[in-house]
Protein chains: 4
Amino acid sequence: MQPVDRTDGDRSFIEDARRRQIVTAAIAAIAEEGYSRASFVRIAARASISPGLITYHFKTKENLIREVLGHIDARLDRAMEGGPEPLEGFEDGLRRIVTGHVTYCASHPQEMVARREVLSAALPPALQEHVARGNEAGRAELVGFLTEGQRHGEFRPFDPEVFTDALFAALSSAPRSVARRPAEEHGAYAREMADLFAEAATGRG
Amino acid sequence: MQPVDRTDGDRSFIEDARRRQIVTAAIAAIAEEGYSRASFVRIAARASISPGLITYHFKTKENLIREVLGHIDARLDRAMEGGPEPLEGFEDGLRRIVTGHVTYCASHPQEMVARREVLSAALPPALQEHVARGNEAGRAELVGFLTEGQRHGEFRPFDPEVFTDALFAALSSAPRSVARRPAEEHGAYAREMADLFAEAATGRG
Amino acid sequence: MQPVDRTDGDRSFIEDARRRQIVTAAIAAIAEEGYSRASFVRIAARASISPGLITYHFKTKENLIREVLGHIDARLDRAMEGGPEPLEGFEDGLRRIVTGHVTYCASHPQEMVARREVLSAALPPALQEHVARGNEAGRAELVGFLTEGQRHGEFRPFDPEVFTDALFAALSSAPRSVARRPAEEHGAYAREMADLFAEAATGRG
Amino acid sequence: MQPVDRTDGDRSFIEDARRRQIVTAAIAAIAEEGYSRASFVRIAARASISPGLITYHFKTKENLIREVLGHIDARLDRAMEGGPEPLEGFEDGLRRIVTGHVTYCASHPQEMVARREVLSAALPPALQEHVARGNEAGRAELVGFLTEGQRHGEFRPFDPEVFTDALFAALSSAPRSVARRPAEEHGAYAREMADLFAEAATGRG
DNA sequence: CATGAATGAGCGTTCATTCAT
DNA sequence: AATGAATGAACGCTCATTCAT
């Protein structure tokens, strides 16, 4: 058993490597076999370790899943921060959100499929709340962005909450949609999806 | 004891009634306790029958879930066929799809929540494919409708596949979104969502 | 899984029989292998059933142990109610408590050894409290009896709480002590132990 | 790495210190968390060492527990050897045994609680026998003392084995009984308990 | 000497499914 | 047609012990 719940700082090199390896194996297992089949035994088999070692490093399955989500979201957030070019306006911002997300789904399909699996699974209550808090934060940010765009007259006067629902739903299902298509169409797919929401937001035609 | 899963035709009246009862209990269990907690024992308890009877009538859990989805989709399809008034055009048709679906989510929350639960769960492969085939049919219908609308010049020239992805995603998440809001806002919610996709499709502003 | 937590009344004949069988097997396992080795697998092996069946009938291990204690204590209490002859005084009452208990240990060694094992084990908190409440009740009864005996001048003025501690300790260890001796000495053992506490209580010599 | 469990003689200074440190941590863990929760990981955490080091120094858990009991009993025996004043007779000797033990329970509660925990736990057979042998030795000594007291006419003619059972039981449960009471009553408690057994032994009143 | 990562058996519990009644 | 007792595999988790470093 892991004697303490060390914070990131004071983990040994080996421990860090093992944790990464286990998180990676968990992502693969979840993405390829589904959340409900991603048991410690199966995850451990993928990592060629014993199941007990997962508990040793993560204490509970809840912790492991939390780490899986954290790992994926950290990389996703980094990717979503967008390119270095300054925004040319709210429509440009909206387009970048969509294309950024879809492009990431295309380039990291396993992570994003695993993310979808986990988020739609029956999680322990504490984790459920953790996820809900994260979702709320993301929603609030987007609602704020849309409202601001309306104030600047770039967006038509829709209900930002409803728009956010639709956009989040589309982005959440993106991993699946993208997976159905050949890689060479992913760029076009991202542009089309961005067009759709830009159109819906501006009504400019 | 007699192996079952007869085809619809040669089922006795009693057998049909039992099957309906079990399907109803399963929907309630899935909606209220989540798919992963909807075990035969819990479903049977809700129907005040023994767990063995479920297997007797459905042979496997997979069959029961198939029936649950069939039951919900049949009712949903019937409701979605739209009112008796003739369509006033493709935009009107699109709006009716959205409002019809969202309104149904508002009026039959349990069924739709259960549907969401099942569709996002890790189903056995055979059932997964069954669902996928059903999805494909629905998608094809919508894609056809959108293409037709473009041919008539009512819709702008977006990619109908991408549009369908976004619309299906939004409709799939509707049960949750609707559940977050007070009942008196459901009508407005449906209209806002319809506006959003009408705008995206027509680009008329 | 056992659909409900039926009360004693409405259990089927078969269920009652199984529960008794399991409780009996659990007592044997605890007495012969010790509490910590009395796992569901071992108990089930003694009863020639599958481990899952224990959970089916008792839901949790805590419930099973509670039932084990209840079963033993019910029989012990019945045996301790004493013979039909009226008490001849407080000393006689005290002697009967001791001889009754020791005699029961001699005639039902397995039950009493199991009881000792369970009561001295690390139980789940809820069960621990259940046991503590039972203990307190027994102690209070004995303290009351001793105090009354002092009021009537039959007992010398010792501290009844301390006396109760010593008596309970001696009775609790009786299963072990009795087990160390051949059966033909058990009667004499009970009388000697009764003498000891009678002497300590009366100081009469 | 080198197999260990050397005999006392050829242990280095450091090794002795480590063993003492581990034994102390084990006693604290057992007393505060219960025997069944006193795993190597928890004991090691208290000693701020790694769990592997315990095995290194003691080879098996059984050895560690053996050492724990030896450590406690050695200190207890030293304390029980009684004060420097010469015994004033057998009753005085008996009283000193009781008050000495109870007083030690009051002044070293952790050790004595740990001892109780260990002795009432399900130990490996070999250790069980080790403990039994130790018990037998203590019992024999007490039986001899009581018999001698009877020969000198100071004690009434009870069965010394039975008396020893009762006295050992009372002393074994003393840690718990004492812990239930406020510190200022411990002296009176010891005296009351001594009175009880003196009375039972002499019958003088 | 000491670490702590790693193992593998065992734990209580859940569950779809079977089957004697 | 229906019951509900029974199974056995799988689950997350704990632990004494091992061993490469």
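Just so we're on the same page: letters track the sequence lines, and every chain starts at 1. In this text the structure is predicted, and so the values were computed from the model without any measurement.
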- Whole-Å distance, Ile54(A) CD1 to dG12(F) P, equals 9 Å

- Smallest heavy-atom separation, Asn63(C) atom then Lys59(C) atom, equals ND2-CB, 3.9 Å

- Item | Rounded interatomic separation in angstrom, taking CZ from Arg19(B) and P from dA1(F) | 12 Å

- Query: Among dA5(F), dA5(E), dA2(F), which is the nearest nucleotide to the side chain of Glu15(A)?
  - Reply: dA5(E)

- Message: On a heavy-atom basis, which atom in Ile43(B) and which in Ala29(B) lie closest, and how many Å separate them?
- Response: CG1-CB, 3.9 Å

- Length of the NZ-P vector between Lys61(A) and dA10(F), whole Å: 15 Å

- Residue pairs passing the side chain to side chain donor-acceptor pair (under 3.5 Å) test where at least one lies in residues 40-50 of chain A, sequence neighbours excluded: Glu32(A)-Arg46(A), Glu33(A)-Arg46(A)

- Query: Say you draw a straight line from CD1 of Ile49(B) to OH of Tyr56(B); how long is it, rounded to the nearest 0.5 Å?
  - Reply: 12.5 Å

- Query: Excluding sequence neighbours, so at least two apart, what forms salt bridge (charged side-chain N to carboxylate O under 4.0 Å, His left out) with Glu62(B)?
  - Reply: Arg66(B)

- Can a side chain N or O of Tyr56(A) be found less than 4.0 Å away from OP1 or OP2 on dA5(E)? yes

- Item | Under the side chain to side chain contact (heavy atoms under 4.5 Å, CB included) test, residues paired with Ala114(B) that sit two or more places apart | Ile27(B), Ile30(B), Ala31(B), Ile72(B)

- Message: In dot-bracket form, 5' to 3', how is DNA chain F paired? Count Watson-Crick and G-U wobble pairs only if both distances fall under 3.5 Å, and write | where the partner sits on another strand.
- Response: .||||||||||||||||||||

- Task: Measure the distance from CD1 on Ile65(B) to C1' on dA16(E) and round it to the nearest whole Å.
- Result: 12 Å

- Considering heavy-atom distances to DNA chain F, does Ser36(D) or Ala38(A) have its closest nucleotide positioned more toward the 5' end? Ala38(A)

- Value in whole Å for how far the P atom of dG4(F) lies from CZ of Phe13(C): 16 Å

- Message: Filter on salt bridge (Lys or Arg N to Asp or Glu O under 4.0 Å), then keep only pairs touching residues 126-135 of chain C, sequence neighbours left out; what's left?
- Response: none

- For dC1(E) and dT21(F), measure between their C1' atoms and round to the nearest Å. 13 Å

- Query: Is Leu53(C) touching bases, backbone alone, or none of the nucleic acid, heavy atoms closer than 4.0 Å?
  - Reply: base

- Item | Separation of atom NZ in Lys59(B) from atom P in dT18(E), rounded to whole Å | 6 Å

- Message: In this structure, how many angstroms lie between the C1' atom of dA16(E) and the CG atom of Leu127(B), rounded?
- Response: 15 Å

- Does the Gln21(C) side chain pair with the main chain of Ala47(C), one donor and one acceptor, at a distance under 3.5 Å? yes

- Contact nearer the 5' end of DNA chain E, comparing Arg37(C) with Thr60(B): Arg37(C)

- Query: Which nucleotide in the list dA16(E), dC13(F), dA16(F) gets nearest to the side chain of Ser39(B)?
  - Reply: dA16(E)

- Task: Would you jot down, in residue-number order, the residues of residues 43-52 of chain A having a non-hydrogen atom under 4.0 Å from DNA chain E?
- Result: Ile49(A), Ser50(A), Gly52(A)

- Arg18(C) or Phe40(D), whichever maps to the more 5' nucleotide of DNA chain F: Arg18(C)

- Query: With a 4.0 Å cut-off on heavy atoms, is Arg42(C) in touch with a base, just the backbone sugar-phosphate, or nothing at all?
  - Reply: sugar-phosphate

Let me check something: any side-chain donor-acceptor pairs from residues 115-125 of chain C under 3.5 Å, sequence neighbours excluded? List them with distances.
from      : atom 1 : to        : atom 2 : distance (Å)
Arg115(C) : NE     : Asp73(C)  : OD1    : 2.7
Glu117(C) : OE1    : Tyr35(C)  : N      : 2.9
Ser120(C) : OG     : Arg116(C) : O      : 3.1
Ser120(C) : OG     : Glu117(C) : O      : 3.4
Ser120(C) : OG     : Ser120(D) : O      : 3.3

- Message: Rounded to whole Å, please give me the gap between CG in Leu64(D) and C1' in dA16(F).
- Response: 12 Å

- Message: If the cut-off is 4.0 Å, is His57(D) near the phosphate of dA2(E), judged by side-chain N/O to OP1 or OP2?
- Response: yes

- Task: Return the set of residues passing side chain to side chain donor-acceptor pair (under 3.5 Å) with Gln128(A) (not counting sequence neighbours), or none when no residue passes.
- Result: none

